[in-house]
Amino acid sequence: AQSVTQLGSHVSVSEGALVLLRCNYSSSVPPYLFWYVQYPNQGLQLLLKYTTGATLVKGINGFEAEFKKSETSFHLTKPSAHMSDAAEYFCAVINTGGFKTIFGAGTRLFVKA
Amino acid sequence: EPEVTQTPSHQVTQMGQEVILRCVPISNHLYFYWYRQILGQKVEFLVSFYNNEISEKSEIFDDQFSVERPDGSNFTLKIRSTKLEDSAMYFCASSTAVPYEQYFGPGTRLTVT
């Protein structure tokens, strides 16, 4: 069965520091990968996605992620954290041809002033 | 920018009552989904719907749940007899195709007392 593992339920960084949120997936076929962000009491907003092609994908708000098939990883990074980045981040996968998105447990990002 | 809308934003109901959660997907989308998120837990897939029938459903989506697209714009989730453990945030989503990105609504918080 497919699964998504996010290492670290909570990550705390200082404003201006690098943000690294880790995601590993298990899939028998190359998946489609997504990162979503959820601000308090709000819905899920797509940050970025990988489907095919370039393995380094750029998203909104300065975030990017790299698909590494050999490591089955799709880690999310941002060079410089901003206070407004404080939120919950979810990594998700859909199998090609699948109708179902499988989410990781989420990582809550705290940004310290 | 088109968005998925959901009503109501918060629904309180008594155990055993029926509830209907409503969603208006993005107008040119063809695939529709329901997910739920129990407080503090991950987002879980419930069901996907295409061409007026269920295309995939999870183990959670038992006989107490049903979905319907009663007209050209609405997509509903009905819980026939609510239980305390149905208390969660329910998200509707839609997409143009699979396995493309899914656009999520703001959610309906269901509280069963």
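The structure presented is a predicted model; accordingly, all values stated were derived computationally and were not measured. To find a chain, count down the sequence lines: A is the first, B the second, and so on, and within it residues start at 1.
Enclosure of atom CG in B/D63 is not indicated, since only 12 or fewer non-hydrogen atoms of other residues, nucleotides or ligands lie within 6.0 angstrom.
The CZ atom of A/F103 sits 14.5 Å away from atom CD of B/Q41, with the distance rounded to the nearest 0.5 Å. Considering CD of A/Q42 and CE of B/M89, their distance stands at 10.0 Å, rounded to 0.5 Å.
Residues A/M83 and A/L76 are members of one and the same hydrophobic cluster, defined by side-chain heavy-atom contacts under 4.5 angstrom among Ile, Leu, Val, Met, Phe, Trp and Tyr. A/L48 is connected to A/L109 through a chain of hydrophobic side-chain contacts under 4.5 Å among Ile, Leu, Val, Met, Phe, Trp and Tyr, so both are in one cluster. No continuous path of hydrophobic side-chain contacts links A/I102 to B/I60 [ILVMFWY only; heavy atoms under 4.5 Å]. Hydrophobic cluster membership differs between B/F91 and B/L39, with clusters built from Ile, Leu, Val, Met, Phe, Trp and Tyr side chains linked at under 4.5 angstrom. The cluster map of Ile, Leu, Val, Met, Phe, Trp and Tyr, joined by side-chain heavy atoms under 4.5 Å apart, puts A/V111 and A/Y39 in the same cluster.
Of residues 43-54 of chain B, those residues with a non-hydrogen atom less than 4.5 Å from any non-hydrogen atom of chain A are, in numerical order, B/V43, B/F45, B/S48. Residues of residues 13-34 of chain B having a heavy atom under 4.5 Å from any heavy atom of chain A, listed by number: B/Y31, B/Y33.
Residues A/F90 and B/Q37 share a closest heavy-atom pair of CZ-NE2, 3.4 Å.
Using a 4.5 Å cut-off between heavy atoms, A/Q38 contacts chain B through its side chain alone, with no backbone atom that close. For chain B, the nearby parts of A/L44 are the backbone and the side chain; heavy atoms of each come within less than 4.5 Å.
For the pair B/Y35 (side chain) and A/T101 (backbone), a donor-acceptor distance under 3.5 Å is present.
A/V4 has its side chain out of reach of B/K42: every pair of non-hydrogen atoms, C-beta onward, lies at least 4.5 Å apart.
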